[in-house]
Amino acid sequence: MTTVGLLHPGDMGSMVGACAVASGARVVWASDGRSADTRARAVAAGLEDVGRVDAVVAGSDVILSVCPPHAALDLAREVAARRFSGLFVDANAVAPATAREIGAAVEAGGATFVDGGLIGPPPRAAGSTRLYLSGREAKRAVALFESSALEAIAVNDSPGAASALKIAYAAYTKGSSALLMAIRALAAREGVDDALLGEWRRSQPELPKRSEAAARDNARKAWRFVGEMEEIAATFEAAGLPGGFHEAAAAIYERLAGYKDAATPPAMADLVAPLTHRPR
């Protein structure tokens, strides 16, 4: 039985871990310093608590990293410092250059690196979520999720390719959501929101619902998206494209960070004040 170490079982990570369990792996994690909510998610997902991170790294054949993008490189360095020599799968929303930096860090510590990118919601149902993987051992990582709700797909042997695909996808989905929320906030600030919605219903009939969904679905997760937008901006700039679109999206999500852990999702009207507030 393959033992998979999952260091950050958040909403997405815990369900990815559950998919590995469903495929026959033993998935371990460390409860030391983690919240009660994280513990509850881990129990529900069938993860085995081994207490401390050192025990996770020492006892795992595979380390699976699913964390906020701003923490991905530091997490990889922590694992490398413990001389992990198994398969390290980074499934975070980072720029291809960041993915390759992560790969260099863990391989210097003795591990084999596989780059990954998750597209879709936490994989609670088959057909909803894909994990794209790249690197010379990508197919080995694919096998960890066979017969589970998570569809794992090997892209190619190039580290960074899976991250590039994820970045290109999220550049539109999360970038356009930030743009829609900003447009609605502008219209409300200028007193023309009802008129804009009326015009959209005539000429862009999908946009009223999309803008409301952008607020409902993204505000409570906005704190996670700041780093992701920054990674997207860096990727665009590295390709010779302007990064300003997603630098602005990062600023939009940063203004919504106060909705983290909110009991209920806000409506679009609730976001006008925080979005149009001028930071000092």
Side-chain angles (χ1 to χ4, degrees), residues 1-72 74-76 78-79 82 84 86-94 99 102 106 111-135 137-154 162-163 166 221 224 228:
M1 179 182 291
T2 299
T3 298
V4 177
L6 180 63
L7 298 183
H8 289 280
D11 193 28
M12 176 65 83
S14 62
M15 294 311 303
V16 171
C19 288
V21 171
S23 294
R26 172 182 178 239
V27 181
V28 300
W29 77 292
S31 62
D32 186 38
R34 309 303 295 177
S35 69
D37 286 345
T38 301
R39 292 168 187 259
R41 280 192 295 263
V43 169
L47 312 185
E48 181 181 335
D49 181 13
V50 294
R52 299 179 63 83
V53 171
D54 286 344
V56 172
V57 175
S60 296
D61 306 300
V62 179
I63 292 291
L64 179 60
S65 175
V66 185
C67 67
H70 68 268
D74 285 342
L75 179 60
E78 289 177 19
V79 172
R82 291 171 169 85
F84 176 69
L87 191 70
F88 185 95
V89 182
D90 183 86
N92 297 305
V94 296
I102 288 169
V106 297
T112 299
F113 175 65
V114 172
D115 176 33
L118 284 156
I119 291 179
R124 293 180 171 87
S128 66
T129 312
R130 276 75 55 204
L131 172 59
Y132 290 95
L133 298 156
S134 63
E137 294 290 338
K139 291 181 180 178
R140 182 180 162 199
V142 166
L144 294 171
F145 302 101
E146 291 179 349
S147 305
S148 79
L150 178 60
E151 182 182 1
I153 302 167
S163 286
K166 164 66 176 180
K221 298 180 288 186
R224 290 180 60 94
E228 187 170 344

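Nothing here was measured: the structure is a model prediction, and the numbers come from that model.
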Can you name the nearest heavy-atom pair linking Val94 to Ala99, along with the distance?
CG2-N, 3.9 Å

Steps toward side chain to side chain contact (heavy atoms under 4.5 Å, CB included) verdict (Ile119, Lys166)
CA-CA 7 Å; Ile119 291 179; Lys166 164 66 176 180; 4.2 Å; yes

Test item: Pro9 and Met15 side chains (from C-beta on) under 4.5 Å apart, heavy atoms
no

In terms of heavy-atom contacts, Gly120 and Met12 come closest through O-CE, 3.3 Å

Verify side chain to side chain contact (heavy atoms under 4.5 Å, CB included) between Val21 and Leu47, making sure each step is shown before the conclusion.
CA-CA 8 Å; Val21 171; Leu47 312 185; 4.3 Å; yes

With sequence neighbours left out, write down each residue that passes salt bridge (charged side-chain N to carboxylate O under 4.0 Å, His left out) with Asp37, or none if nothing qualifies.
none

Hey, does Phe113 have a side-chain heavy atom less than 4.5 Å from the side chain of Ile102?
yes

Any donor-acceptor pair under 3.5 Å linking the side-chain atoms of Arg34 with those of Ser31?
no

Of all heavy-atom pairs between Ala91 and Leu64, which one has the smallest distance, and what is that distance?
CB-CD1, 4.4 Å

Where do Ser128 and Pro121 come nearest, in terms of heavy atoms and distance?
O-CD, 3.4 Å

With sequence neighbours left out, the residues meeting side chain to side chain donor-acceptor pair (under 3.5 Å) with Asp54 are Arg82

With sequence neighbours excluded, what pairs up with Ser65 under the side-chain contact (heavy atoms from CB on, under 4.5 Å) test?
Cys67, Leu75, Phe88, Asp90, Asn92

According to side-chain contact (heavy atoms from CB on, under 4.5 Å), who are the partners of Asp61, at least two apart in sequence or on a separate chain?
Thr2, Thr3

Would you sort out whether Val50 and Trp29 count as a side chain to side chain contact (heavy atoms under 4.5 Å, CB included), showing the intermediate values?
CA-CA 6 Å; Val50 294; Trp29 77 292; over 6 Å; no

Going by salt bridge (charged side-chain N to carboxylate O under 4.0 Å, His left out), name the residues that satisfy it together with Glu48, two or more places apart in sequence or in a different chain.
Arg26

What's the separation between atom OG in Ser14 and atom CG in Leu6, rounded to the nearest 0.5 Å?
8.0 Å

For residues 141-152, tabulate all N or O donor-acceptor pairs below 3.5 Å that involve a side-chain atom, not counting sequence neighbours.
from: Ser148; atom 1: OG; to: Phe145; atom 2: O; distance (Å): 2.7
from: Ser148; atom 1: OG; to: Leu150; atom 2: N; distance (Å): 3.2
from: Ser148; atom 1: OG; to: Leu150; atom 2: O; distance (Å): 3.4

Partner set under side chain to side chain donor-acceptor pair (under 3.5 Å) for Arg39, not counting sequence neighbours
none

Apply side chain to side chain contact (heavy atoms under 4.5 Å, CB included) to residues Val56 and Ile63 and explain how you reach the verdict.
CA-CA 8 Å; Val56 172; Ile63 292 291; 4.1 Å; yes

By side chain to side chain donor-acceptor pair (under 3.5 Å) - contacts of Arg130 (at least two apart):
none

Residue pairs passing the salt bridge (Lys or Arg N to Asp or Glu O under 4.0 Å) test with at least one member in residues 116-129, sequence neighbours excluded, are Asp11-Arg124

Tell me, please, which residues at least two apart from Asp115 pass side chain to side chain donor-acceptor pair (under 3.5 Å).
Ser134, Ser163

